[in-house]
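Read through the structure below, which is laid out as structure tokens, and then see the notes.
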Protein chains: 2
Amino acid sequence: MTSSKTPNKSADESDVNAALESGRRRATINDIARLAGVSKKTVSRVINQSPFVREETRQRIEAVIAEWGYAPDPQARGLAFRRSFLIGMIYDNPNPQYVVNMQLGLLDGMRGSGFELVVHPCDRSSPTFLQDVRMFIERQKLFGVILPPSVSEDERVADLLRDIGCEYIRIASVPLDEEEHMIVGHDRLGAQAMGEHLVGLGHERIGFITGLPSFRSSHERRGGFEDALTKAGVKLDPDYVVQGAYTFESGLACGEALLAKTPRPTAIFAGNDEMAAGVLQAARRAGLTVPEDLTVVGFDDFQIAQAVWPPLTTIHIPTREVGRMAAEKLIAREGYEPGDPAKTIPYLVTRESSAAPKKV
Amino acid sequence: MTSSKTPNKSADESDVNAALESGRRRATINDIARLAGVSKKTVSRVINQSPFVREETRQRIEAVIAEWGYAPDPQARGLAFRRSFLIGMIYDNPNPQYVVNMQLGLLDGMRGSGFELVVHPCDRSSPTFLQDVRMFIERQKLFGVILPPSVSEDERVADLLRDIGCEYIRIASVPLDEEEHMIVGHDRLGAQAMGEHLVGLGHERIGFITGLPSFRSSHERRGGFEDALTKAGVKLDPDYVVQGAYTFESGLACGEALLAKTPRPTAIFAGNDEMAAGVLQAARRAGLTVPEDLTVVGFDDFQIAQAVWPPLTTIHIPTREVGRMAAEKLIAREGYEPGDPAKTIPYLVTRESSAAPKKV
DNA sequence: GAAGCTCTTGACACCGGTTTCCACTCCCTT
DNA sequence: AAGGGAGTGGAAACCGGTGTCAAGAGCTTC
């Protein structure tokens with residue numbers, strides 16, 4: 001059993017196996033082919049689920065693959081396929097919790113698929129923005145990209161992706177593209193639910209703090225809210241709508257502005273939880289008790305909603321679920337069936353910051 | 001100038017260039033070689049900064065590369081190099097803001113290096129944890145991994161990485177490994193600073209809420225705090241130390257427990273900001289005003305510290321800077337020089353939640 | 001003027017997969 | 001029994017780079 005140089009396969013086999021078994025070397029497709037007694041092309045067929053393999057052969061090969069824990073090299077495969085097994089998340093959302101939840105959701109949807117997630121924050125105002133995105137995608141030959149808001153709302157990016165033929169999913173509060181490229185969050189419906197909640201409690205003089213106008217969701221949230229009020233016969237006084245910036249500080253400032261109005265609003269709906277937290281603080285400074293003197297509600301249901309006093313009534317957005325659906329749609333594996341769109345709809349979470357207004 | 005099938009290079013050249021110029025095809029190393037009139041091996045030498053290229057040749061090739069915007073294919077390069085240009089961030093830290101800041105820092109440090117960041121949350125308690133990590137690294141042939149707490153504190157992971165020969169940087173509050181594998185955060189020093197601050201204000205009966213014992217930082221924060229008190233001749237009564245879990249809820253519960261003690265502490269130092277926010281709420285429920293009746297301080301200086309009332313005096317940890325240094329150390333490019341270790345040291349941020357205790 | 005050296009350069013195999021092309025089985029017709 | 005089609009597996013080229021090694025150019029040295 002010496003390591004002769006003859007092409008006698010069985011003679012060298014033990015050497016090769018030794019190298020494999022000791023873990024000095026990962027198994028390659030050639031090893032699997034040799035061990036299963038077939039050509040590497042056949043192994044390749046099994047890996048790629050070709051139907052042209054006899055069932056018996058397939059099973060033998062799969063057994064060998066499982067036994068040796070073989071996994072094809074994504075780089076080699078990618079090189080031959082002319083694309084990688086990487087999915088890019090290109091984002092410019094400033095909220096850490098949104099970003100992390102989205103990442104977790106994407107990973108949920110990618111689990112077991114062999115794809116990996118590459119994160120790529122971006123700055124849409126940079127002069128090299130589009131070029132950067134293009135470079136990122138082309139260099140890495142990304143399989144596809146996921147675009148959460150607000151990059152998802154940038155048509156320049158969508159055009160670019162179509163142009164270079166990169167798969168993409170846009171996550172947004174309204175349909176902006178063909179259905180196959182969209183996961184829609186329907187912020188509008190969430191805001192409507194909040195409107196109904198406030199009206200249901202008996203509020204009629206309600207302040208609203210908008211989010212950044214650069215986010216489509218800001219307009220949707222306001223629009224949905226206004227829809228609900230109008231439907232209930234309550235008017236949203238434009239004088240009680242102020243422009244926030246999705247930050248705690250802006251919520252504080254806007255809250256103070258709204259509370260300075262006469263008559264004072266009995267409720268304030270902030271475009272997100274952070275601004276609502278700011279309003280809480282403004283209320284405290286004004287000597288008001290929430291929810292007795294003032295109802296304060298937010299949107300997002302991020303951690304902060306439960307970490308303030310009183311805990312915020314807010315709209316829960318299922319970010320992680322949205323991410324999962326986006327990833328699944330992007331890779332659309334065999335047997336893929338679209339997730340239930342209803343799962344992406346935000347819903348009301350009632351906590352202690354909202355109550356009926358005091359009787360006058 | 002027909003597209004003959006003769007191997008005459010100059011005859012086909014215009015066709016090839018047309019394909020390139022129209023953007024139908026990305027430039028390859030062969031294109032660059034042809035355009036520069038050299039072999040692809042020489043182009044490869046230029047790309048890899050080999051010194052064995054004549055200056056004149058190098059410049060000619062670089063000019064062609066710049067003109068055509070050529071960038072080598074990371075997959076092909078990786079295949080030949082037997083490793084990828086991907087850096088993995090393996091983490092189990094539950095705090096979104098920490099995670100995002102860390103990611104941003106890592107990306108800062110990787111900018112322009114040609115590496116990409118692949119995120120990989122993990123569950124250390126899973127039975128397949130080590131196997132998952134190994135699979136992730138080996139399949140993707142990762143260039144290296146970054147380990148933030150608390151995975152960074154798991155010796156099994158470090159052993160695994162050494163075993164499979166993967167570069168790694170551990171980020172932790174104390175040195176756990178050889179210097180070349182560590183970025184140290186020195187939570188202890190931060191906690192000391194807080195101890196000095198509280199003692200300096202005149203507090204002597206101080207409550208402390210520890211973090212999760214599975215995080216090394218929890219012990220460091222407690223230890224550093226105790227150091228500072230001892231040094232100042234103040235005793236940290238073990239009865240005033242309670243076990244939290246780094247969450248808002250645990251902070252609330254622990255706060256209530258501490259405030260129920262007689263005599264009541266005049267100050268409470270929570271192991272992180274979230275727990276401090278919980279303590280604020282407990283104080284409010286107990287009818288106490290912060291900081292007049294009770295000083296409450298936290299640790300981390302995450303967003304929540306400024307989104308509660310009163311804003312928290314806390315310890316700022318420079319997460320993003322730490323991440324940047326970790327990435328730079330991992331890829332240790334030419335001309336790399338270690339970042340200033342002082343930049344990773346946490347520091348006190350005084351806000352409105354701390355004050356001198358009331359005179360009795 | 002030939003040997004010896006350094007500096008440059010390119011031919012060729014290879015990384016680990018996939019695709020193309022072809023030959024060889026089967027199995028079923030006629 | 002010959003002919004045909006579909007199913008199956010092998011050889012070789014290819015994806016876009018890098019490693020090895022040897023050869024050619026130019027210079028010194030004796």
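Predicted, not measured: the structure shown is a model, and the values here were computed from it. In what follows, chains carry the letters A, B, and so on, assigned in the order in which the sequence lines appear, proteins first and then strands, with residues in each chain numbered from 1.
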Base, sugar-phosphate, or nothing: which does [X] touch, judged by heavy atoms less than 4.0 Å apart?
X	answer
A:Asn30	nothing
A:Val38	sugar-phosphate
B:Phe81	sugar-phosphate

Give the rounded distance in Å between these two atoms: [atom1] of [X] and [atom2] of [N].
X	N	atom1	atom2	answer
A:Asp73	C:dG17	CG	P	6 Å
A:Asn48	C:dG16	CG	P	18 Å
A:Ile32	C:dG17	CD1	C1'	13 Å
A:Lys41	D:dG7	NZ	P	15 Å
B:Glu56	C:dT8	CD	C1'	12 Å
A:Arg82	D:dC15	CZ	P	6 Å
B:Leu79	C:dG17	CG	C1'	8 Å
A:Phe52	D:dT8	CZ	P	9 Å

(Q) Is the positively charged end of B:Arg139 above the ring of B:Phe136, judged by distance under 6.0 angstrom from the centroid and angle within 45° of the axis? (A)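 Not flagged: B:Arg139 not positioned over aromatic ring of B:Phe136.
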
(Q) Using a 6.0 Å distance limit plus a 45 degree cone around the ring axis, check whether B:Arg77 lies over the aromatic ring of B:Phe81. (A)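 Not flagged: B:Arg77 not positioned over aromatic ring of B:Phe81.
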
Side-chain N or O of [X] closer than 4.0 Å to phosphate OP1/OP2 of [N]:
X	N	value
A:Ser44	C:dT18	yes
B:Tyr70	D:dG17	yes
A:Thr57	D:dT8	no
B:Thr42	C:dT9	no

Just by distance, do the side chain of [X] and the backbone of [Y] share a donor-acceptor pair under 3.5 Å?
X	Y	answer
B:Asp163	B:Asp159	no
B:Arg170	B:Leu147	no
A:Asp92	A:Ser150	yes

Q. Between A:Arg77 and B:Pro51, which has a closest nucleotide on DNA chain C that is more 5'?
A.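 Comparing both residues, the 5'-ward one is B:Pro51.
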
Q.
Of the options C:dT18, D:dT8, D:dG17, whose atoms approach the side-chain atoms of A:Arg54 most closely?
A.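 Closest nucleotide to the A:Arg54 side chain: D:dT8.
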
Q.
What I want to check is whether an N or O donor and acceptor connect the side chain of A:Arg45 with the base of D:dG9 at under 3.5 Å.
A.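 Such a pair exists between side chain and base.
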
Q. Under 3.5 Å, is there an N or O donor on one side and an acceptor on the other linking the side chain of A:Lys40 and the base of C:dG16?
A.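 Flag unset: no donor-acceptor pair detected.
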
